[in-house]
There are 2 protein chains.
Amino acid sequence: MNVEKIIKTDKQIPITSRTIIHISLVETKINEMMTAALKPQGVSLQQFNVLRILRGQKGKPANLSTLNERMVTKMSNTTRLVDKLILKGYVDRMVCPSNRRKVEINITPNGESALQKMDKAIKIAEEKLLENFTGDDLAALNNLLDKF
Amino acid sequence: MNVEKIIKTDKQIPITSRTIIHISLVETKINEMMTAALKPQGVSLQQFNVLRILRGQKGKPANLSTLNERMVTKMSNTTRLVDKLILKGYVDRMVCPSNRRKVEINITPNGESALQKMDKAIKIAEEKLLENFTGDDLAALNNLLDKF
DNA sequence: TGCATACATTTGTATATACAATTGTTGTAA
DNA sequence: TTACAACAATTGTATATACAAATGTATGCA
């Protein structure tokens with residue numbers, strides 16, 4: 001991790017920036033590894049997250065606002081994200097009968113079994129990412145991140 | 001920060017994922033605040049980083065590979081990033097006379113003064129982001145992030 | 001009933017990014 | 001010298017994302 005190198009390029013960068021830059025670098029690394037892990041399944045990280053949320057619904061359909069609330073994405077993208085999952089046959093979408101403004105999104109059996117494969121790949125990637133951490137480290141890290 | 005809410009949506013998400021998701025959420029928050037801070041100056045976070053690197057060169061021109069090495073971006077984007085900074089008059093680019101495959105990129109006086117305004121805006125955003133952190137917290141956080 | 005307003009989602013458009021292929025330049029070995 | 005590989009940057013294309021505007025639906029109220 002080359003934080004120091006970046007900081008040192010410009011003496012006028014304040015020390016507090018180090019943390020900010022460091023987080024950004026770590027996040028980039030995480031993103032790259034997760035994306036690579038999901039590549040064989042042909043889904044993006046965001047698509048994977050949608051599938052996980054849907055599984056957590058346990059059959060109860062989710063509408064777009066719910067998905068959006070639990071994700072890190074903007075509303076306009078959620079529509080297109082779901083579009084792509086439909087194309088892959090991993091979810092289906094229908095107009096909510098009780099309120100036709102809403103849509104109901106469900107994970108398909110096909111989606112569930114694909115998700116299981118993704119879980120395995122993600123788990124391996126995570127173990128690799130976190131190999132230097134003890135349980136206490138992780139707890140401490142979470143506590144610190146909560147301060148943001 | 002709504003990490004728990006996300007985790008709880010799907011019981012099958014392993015505990016270690018909490019940290020990973022948490023970092024991603026924090027990074028998103030940082031990104032949003034920094035982007036908002038830079039908006040009045042009309043530059044993206046990436047463009048700001050290029051300008052900082054160029055300032056650190058102290059007049060010595062940087063070529064694209066150098067910029068790229070110190071950034072979190074892919075090569076193909078660096079070209080277009082610099083294109084935009086040229087349009088704004090913040091940097092200039094010329095073919096390197098000693099090796100015509102390379103280019104030399106410099107920050108302009110115009111760019112330097114714009115960068116000073118950006119520094120101020122970023123500093124304010126950072127202080128807001130880090131208001132709950134002590135110096136020890138920041139040191140601990142950096143140490144933990146180094147384990148990635 | 002009719003109309004304004006709020007809600008849920010979608011679409012349009014500009015910009016950003018990733019990845020692969022391409023261009024132009026240099027170094028080097030037959 | 002020429003042919004070929006390596007290098008540095010750029011371009012093409014597909015996909016992703018942000019933001020604003022538009023669509024269709026429901027609700028409240030005169």
Side-chain angles (χ1 to χ4, degrees), chain A residues 24-25 27-50 61-88 91-106, chain B residues 24-25 27-50 61-88 91-106:
Chain A
S24 160
L25 289 172
E27 201 273 344
T28 301
K29 183 175 178 183
I30 292 175
N31 235 334
E32 279 173 3
M33 292 197 55
M34 296 301 174
T35 304
L38 292 173
K39 195 154 202 176
Q41 309 297 328
V43 295
S44 70
L45 195 45
Q46 300 277 41
Q47 291 171 18
F48 170 66
N49 281 328
V50 170
N63 54 43
L64 269 191
S65 319
T66 322
L67 284 183
N68 205 52
E69 211 171 83
R70 297 191 185 154
M71 303 228 338
V72 195
T73 305
K74 291 286 145 56
M75 193 61 170
S76 55
N77 300 330
T78 314
T79 299
R80 290 181 257 235
L81 222 60
V82 170
D83 286 345
K84 290 190 196 104
L85 288 171
I86 291 175
L87 278 179
K88 297 190 175 91
V91 308
D92 52 40
R93 170 175 52 194
M94 42 180 257
V95 174
C96 172
S98 67
N99 185 339
R100 292 176 34 224
R101 282 173 301 186
K102 298 188 184 179
V103 294
E104 291 186 337
I105 298 154
N106 276 291
Chain B
S24 159
L25 288 173
E27 200 272 346
T28 302
K29 182 175 178 183
I30 291 175
N31 234 334
E32 278 173 4
M33 291 196 54
M34 295 303 176
T35 305
L38 292 172
K39 194 153 202 178
Q41 308 298 328
V43 295
S44 70
L45 196 46
Q46 301 277 43
Q47 290 172 19
F48 170 66
N49 281 328
V50 170
N63 54 42
L64 268 191
S65 320
T66 322
L67 284 183
N68 206 53
E69 210 171 84
R70 296 190 187 157
M71 301 229 339
V72 196
T73 304
K74 292 285 145 53
M75 193 60 171
S76 54
N77 301 329
T78 314
T79 299
R80 289 181 257 234
L81 222 61
V82 169
D83 286 343
K84 290 187 196 105
L85 288 170
I86 291 175
L87 278 179
K88 297 190 175 93
V91 309
D92 53 40
R93 170 175 53 195
M94 41 181 258
V95 174
C96 171
S98 66
N99 185 341
R100 289 177 32 225
R101 285 175 297 187
K102 298 189 185 180
V103 293
E104 292 185 336
I105 298 153
N106 275 294

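Quick note on labels: first sequence line is chain A, next is B, and so on, each numbered from 1.
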Shortest side-chain distance from [X], nucleotide among [options]:
| X | options | answer |
| --- | --- | --- |
| Ser44(B) | dT9(C), dA9(D), dA16(C) | dA16(C) |
| Ser76(A) | dT17(D), dG12(C), dT26(C) | dG12(C) |
| Thr79(B) | dT9(C), dT11(D), dA26(D) | dT11(D) |
| Arg101(B) | dG24(C), dA20(D), dA9(D) | dG24(C) |

**OP:** Return the 5'-most residue of the pair Lys39(A), Asn99(A) with respect to DNA chain C, ranking by each residue's nearest nucleotide.
**Re:**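 The residue mapped nearer the 5' terminus is Asn99(A).
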
Subject >> Toward the 5' end of DNA chain C, by each residue's nearest nucleotide, Asn77(A) or Gln47(B) >> reply: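 Going by which nucleotide is closer to the 5' end, it is Asn77(A).
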
Distance below 4.0 Å between [X] side-chain N/O and [N] OP1 or OP2:
| X | N | result |
| --- | --- | --- |
| Lys84(A) | dA16(D) | yes |
| Lys74(B) | dC19(C) | yes |
| Ser65(B) | dA9(D) | yes |
| Arg93(A) | dA8(C) | no |
| Arg100(A) | dT25(D) | yes |

Euclidean distance, atom [atom1] of residue [X] to atom [atom2] of [N] [Å, nearest integer]:
| X | N | atom1 | atom2 | result |
| --- | --- | --- | --- | --- |
| Asp83(A) | dG12(C) | CG | C1' | 15 Å |
| Glu69(A) | dC7(C) | CD | C1' | 14 Å |
| Asn49(B) | dT17(C) | CG | P | 11 Å |
| Lys102(A) | dA6(C) | NZ | P | 18 Å |
| Leu64(A) | dT25(D) | CG | P | 16 Å |
| Asn63(A) | dC7(C) | CG | P | 14 Å |
| Phe48(B) | dA16(C) | CZ | C1' | 19 Å |
| Asn31(A) | dA16(D) | CG | P | 13 Å |

**OP:** Just call it for Thr78(B): base, sugar-phosphate, or nothing, with non-hydrogen atoms closer than 4.0 Å on any strand.
**Re:** nothing

Nearest atoms (heavy-atom pairs only) where [X] meets [Y]:
| X | Y | answer |
| --- | --- | --- |
| Lys74(B) | Asn68(B) | C-OD1, 3.5 Å |
| Pro40(B) | Ala36(B) | CD-O, 3.4 Å |
| Glu27(A) | Ser24(B) | CG-CA, 4.1 Å |

Original post:
Any sub-3.5 Å donor-acceptor pair from Lys88(B)'s side-chain atoms to Gly42(B)'s backbone N or O?
Top reply: yes

**OP:** For Lys84(B) and Ser44(B), indicate whether the former's side chain and the latter's backbone hold a donor-acceptor pair under 3.5 Å.
**Re:**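 No, the answer is negative, given that no donor and acceptor are paired below the 3.5 Å cut-off.
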
**OP:** Look at the side chain of Arg80(A) and the base of dG12(C), then say whether one donor and one acceptor between them are separated by less than 3.5 Å.
**Re:**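 By the distance-only test, yes, there is a pair.
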
Subject >> With Ile105(A), the side-chain contact (heavy atoms from CB on, under 4.5 Å) member among Leu67(A), Asn63(A), Asp92(A), Thr78(A) >> reply: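 Testing Ile105(A) for a side-chain contact (heavy atoms from CB on, under 4.5 Å) against Leu67(A), Asn63(A), Asp92(A), Thr78(A) leaves exactly one candidate, Leu67(A).
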
